[in-house]
Trainee: 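The structure is given below, and queries will be raised subsequently.
Residue numbers start from 1 in every chain, and the chains themselves are labelled A, B, ... in the order their sequence lines are given, proteins ahead of strands.
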There are 2 protein chains.
Amino acid sequence: MVNRDTGKKKISESTIRRLSLYYRALSLLEKENYETISSRELAKREKLTPAQVRKDLSFFGSFGTRGLGYPVSELKDRIAKILGINRIWNVAMIGVGNIGSALVSYKEFQKQGFAIKLIFDNDQRKIGSNHKGLIVSDIKEMPHLLLEHNIEMVVLAVPAIVAQYIVDEVVQAGIKAILNFAPINLKVPDDVFVRNENMSMELEYLSFAISNNYTPN
Amino acid sequence: MVNRDTGKKKISESTIRRLSLYYRALSLLEKENYETISSRELAKREKLTPAQVRKDLSFFGSFGTRGLGYPVSELKDRIAKILGINRIWNVAMIGVGNIGSALVSYKEFQKQGFAIKLIFDNDQRKIGSNHKGLIVSDIKEMPHLLLEHNIEMVVLAVPAIVAQYIVDEVVQAGIKAILNFAPINLKVPDDVFVRNENMSMELEYLSFAISNNYTPN
DNA sequence: TATTTATTGTGAAACAATTCACATATACAA
DNA sequence: TTGTATATGTGAATTGTTTCACAATAAATA
Ligand SMILES: NC(=O)c1ccc[n+]([C@@H]2O[C@H](COP(=O)([O-])OP(=O)(O)OC[C@H]3O[C@@H](n4cnc5c(N)ncnc54)[C@H](O)[C@@H]3O)[C@@H](O)[C@H]2O)c1
Ligand SMILES: NC(=O)c1ccc[n+]([C@@H]2O[C@H](COP(=O)([O-])OP(=O)(O)OC[C@H]3O[C@@H](n4cnc5c(N)ncnc54)[C@H](O)[C@@H]3O)[C@@H](O)[C@H]2O)c1
């Protein structure tokens with residue numbers, strides 16, 4: 001009955017991604033003043049099955065009450081803890097071009113606990129300029145600034161051609177988490193996590209889908 | 001031996017996404033003047049297994065030569081055809097704010113065959129203004145303009161609060177493919193494809209990974 | 001307090017994706 | 001030609017993920 005945390009259960013990537021969905025749904029439910037939510041209702045909102053919801057959550061503990069459902073606020077907090085978002089992360093943005101500055105302007109990240117503390121570029125016209133209260137630092141200063149400001153995550157928004165070079169420096173500085181927008185397969189050591197945000201891939205998926213009358217699930 | 005296309009094989013989402021990876025890798029190989037590539041080499045470049053590469057491709061035909069590998073240019077073209085990117089897609093951008101204008105400025109999409117033909121906003125200060133050669137249209141004109149310009153895909157970069165309302169109009173206009181940046185679960189009919197680009201989810205995944213010393217694969 | 005109702009938590013079953021392993025085919029060298 | 005090396009294409013085996021189905025349990029009701 002009790003789901004003791006015996007360390008190394010294998011959590012699938014899909015489960016982790018769904019935790020994000022649950023978290024967002026629960027945040028909304030909290031605003032709508034729901035006290036509890038059943039796996040059935042939560043599943044319906046995220047277009048999943050109730051069993052899927054229960055199984056996902058069961059990997060981390062038993063958070064619900066039989067006959068009643070899950071306590072909204074409490075479950076939300078539990079998931080925040082599981083995802084590691086019950087805290088502030090110090091983030092640096094590298095490359096303040098089109099995408100980089102759009103992201104820096106986006107206040108939601110800050111609200112969700114991803115605080116952009118430093119922004120870097122190599123363009124002399126940009127260095128020293130002000131972006132939403134942040135001064136663009138010279139990329140040359142990156143290695144020591146990342147350390148000094150306890151940066152733990154980096155968003156890469158530089159041209160693909162320089163991305164690997166910069167990542168090597170980022171890794172040198174001890175960063176273990178990178179969100180990469182450059183359309184390139186970055187090489188990093190095993191203990192560094194990279195997520196790629198690749199809009200072309202999503203467009204290609206859509207292209208495939210309509211071209212082939214694709215029917216998932 | 002011959003892999004006749006008998007219509008409805010079930011292609012997994014993962015396979016489709018990997019086709020995009022193969023396509024990008026092959027484009028690069030072509031530039032590097034490779035004539036042929038083995039599944040082993042291709043797999044290595046994309047951090048996959050050779051068997052995975054061969055299996056993925058085998059769903060669509062047999063493109064390789066035993067003992068030699070796959071012909072780079074030809075395979076690239078074949079994949080382009082499979083993905084439906086051997087043509088130009090007419091795309092509309094809805095919402096010309098931070099993200100929307102960053103995407104409009106990004107010339108790679110055009111090069112990859114995703115041609116942004118129309119851009120929409122509801123802000124009077126933006127309507128009529130010029131963005132990279134495109135004039136911002138009034139969102140009120142969207143329904144008929146989408147039809148008139150044969151738009152087939154739409155990128156949604158509007159605030160979450162209005163996203164569902166706009167999607168309903170987009171669907172009304174017969175659009176079957178939507179790339180959505182708003183952090184909301186859009187409701188659409190079964191024959192409309194939506195891909196969500198959600199950076200918060202990626203950051204949360206990274207957060208989970210470093211918080212839990214996560215080891216995928 | 002007893003009964004009914006709702007819903008969880010979870011092994012087992014079903015389904016899906018990946019990897020194995022090898023017969024088969026081609027290139028190329030001798 | 002013939003032989004050797006290489007690498008595909010694919011059923012079968014394995015591994016991973018989702019769904020099923022139901023005992024367990026708490027809440028609500030009588
Ligand atoms: N803009 C988009 O919509 C979009 C979409 C998908 C992918 N991307 C990718 O995101 C990345 C950035 O795209 P963008 O459109 O913002 O490009 P951009 O050219 O507008 O911005 C890149 C920025 O990086 C800076 N830079 C270049 N070299 C640098 C270095 N060595 N050190 C530090 N900074 C450096 C440039 O000065 C510039 O400010 C690219 O890899 C691009 O392929 C962009
Ligand atoms: N900027 C980012 O980095 C970022 C990151 C992740 C997600 N997003 C999401 O992308 C979307 C856009 O973000 P943004 O930062 O570009 O916001 P933004 O406010 O800069 O841009 C939104 C644009 O949509 C327009 N708009 C508002 N209502 C409209 C309507 N009814 N019809 C047509 N246009 C309308 C606004 O005038 C504005 O130009 C949001 O949903 C946001 O949550 C943005």
Trainee: Which residue, A:Thr15 or A:Gly67, contacts DNA chain D at a nucleotide closer to its 5' end, judged by nearest heavy atom?
Mentor: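 Its nearest nucleotide being more 5', the pick is A:Thr15.
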
Trainee: Looking only at heavy atoms, what is the nearest atom pair of A:Pro50 and A:Arg40, with distance?
Mentor: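 Minimum heavy-atom contact is CG-CA, 3.9 Å.
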
Trainee: When you compare the side chains of A:Gln164 and A:Asp168, does any donor N or O come within less than 3.5 Å of an acceptor on the partner?
Mentor: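 Distance-only check passes for A:Gln164 and A:Asp168.
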
Trainee: C:dA17, D:dA27, D:dT18: which one has an atom nearest the side-chain heavy atoms of B:Ser12?
Mentor: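 Nucleotide nearest to B:Ser12's side chain: C:dA17.
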
Trainee: With the threshold set at under 4.0 Å for non-hydrogen atoms, list the residues of residues 28-55 of chain B touching DNA chain D in residue-number order.
Mentor: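 Under 4.0 Å from DNA chain D: B:Ser38, B:Ser39, B:Arg54, B:Lys55.
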
Trainee: Please state how far atom CZ in A:Phe63 lies from atom P in C:dT10, giving the value in whole angstrom units.
Mentor: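 Rounded to the whole Å, the gap is 11 Å.
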
Trainee: Hey, is A:Arg17 close enough to B:Glu202 for a salt bridge, meaning N to O under 4.0 Å?
Mentor: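 Looking at B:Glu202 together with A:Arg17, the answer is yes, because their closest N to O distance falls below 4.0 Å.
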
Trainee: Tell me whether the side-chain N/O atoms of A:Tyr70 come closer than 4.0 Å to OP1 or OP2 in C:dG9.
Mentor: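 So the side chain of A:Tyr70 is within the cut-off, an N or O lying under 4.0 Å from OP1 or OP2 of C:dG9.
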
Trainee: Output the rounded distance in Å from CG (B:Leu68) to C1' (C:dA25).
Mentor: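 Nearest whole value for this atom pair: 12 Å.
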
Trainee: Supply the atom-to-atom distance B:Arg195 CZ to A:Tyr205 OH, rounded to the nearest 0.5 angstrom.
Mentor: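 Reported to 0.5 Å precision, the distance equals 5.0 Å.
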
Trainee: Which nucleotide sits closest to the side chain of A:Arg66: D:dT18, C:dA17, C:dT8?
Mentor: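 Selected nucleotide: C:dT8.
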
Trainee: Expressed as a whole number of angstroms, how long is the span from A:Arg17:CZ to D:dT17:P?
Mentor: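 That distance rounds to 14 Å.
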
Trainee: Report the distance from atom CG of A:Leu57 to atom C1' of C:dT10, rounded to the nearest whole Å.
Mentor: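 Roughly 13 Å, once rounded to whole Å.
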
Trainee: Atom CD of A:Glu13 and atom C1' of C:dT18: how far apart are they, to the nearest Å?
Mentor: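 A:Glu13 atom CD is separated from C:dT18 atom C1' by 15 Å.
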
Trainee: For A:Leu75 and C:dT8, give me the distance from atom CG to atom C1', rounded to whole Å.
Mentor: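 Rounded to the whole Å, the gap is 13 Å.
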
Trainee: Side chains of B:Asn196 and B:Asn180: do they bring a donor and an acceptor to under 3.5 Å?
Mentor: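 Present: a donor and an acceptor within the cut-off.
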
Trainee: Heavy atoms only: give me the nearest A:Ile79-A:Leu19 pair and the separation to one decimal.
Mentor: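 That would be CG2-O, 3.7 Å.
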
Trainee: Nearest 0.5 Å please: distance from the CE atom of B:Met142 over to the CG atom of B:Leu147.
Mentor: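 It is 10.0 Å, given to the nearest 0.5 Å.
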
Trainee: Measure CZ/B:Phe59 against C1'/C:dT19 and give the value in whole Å, please.
Mentor: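 Those two atoms, CZ and C1', are 12 Å apart.
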
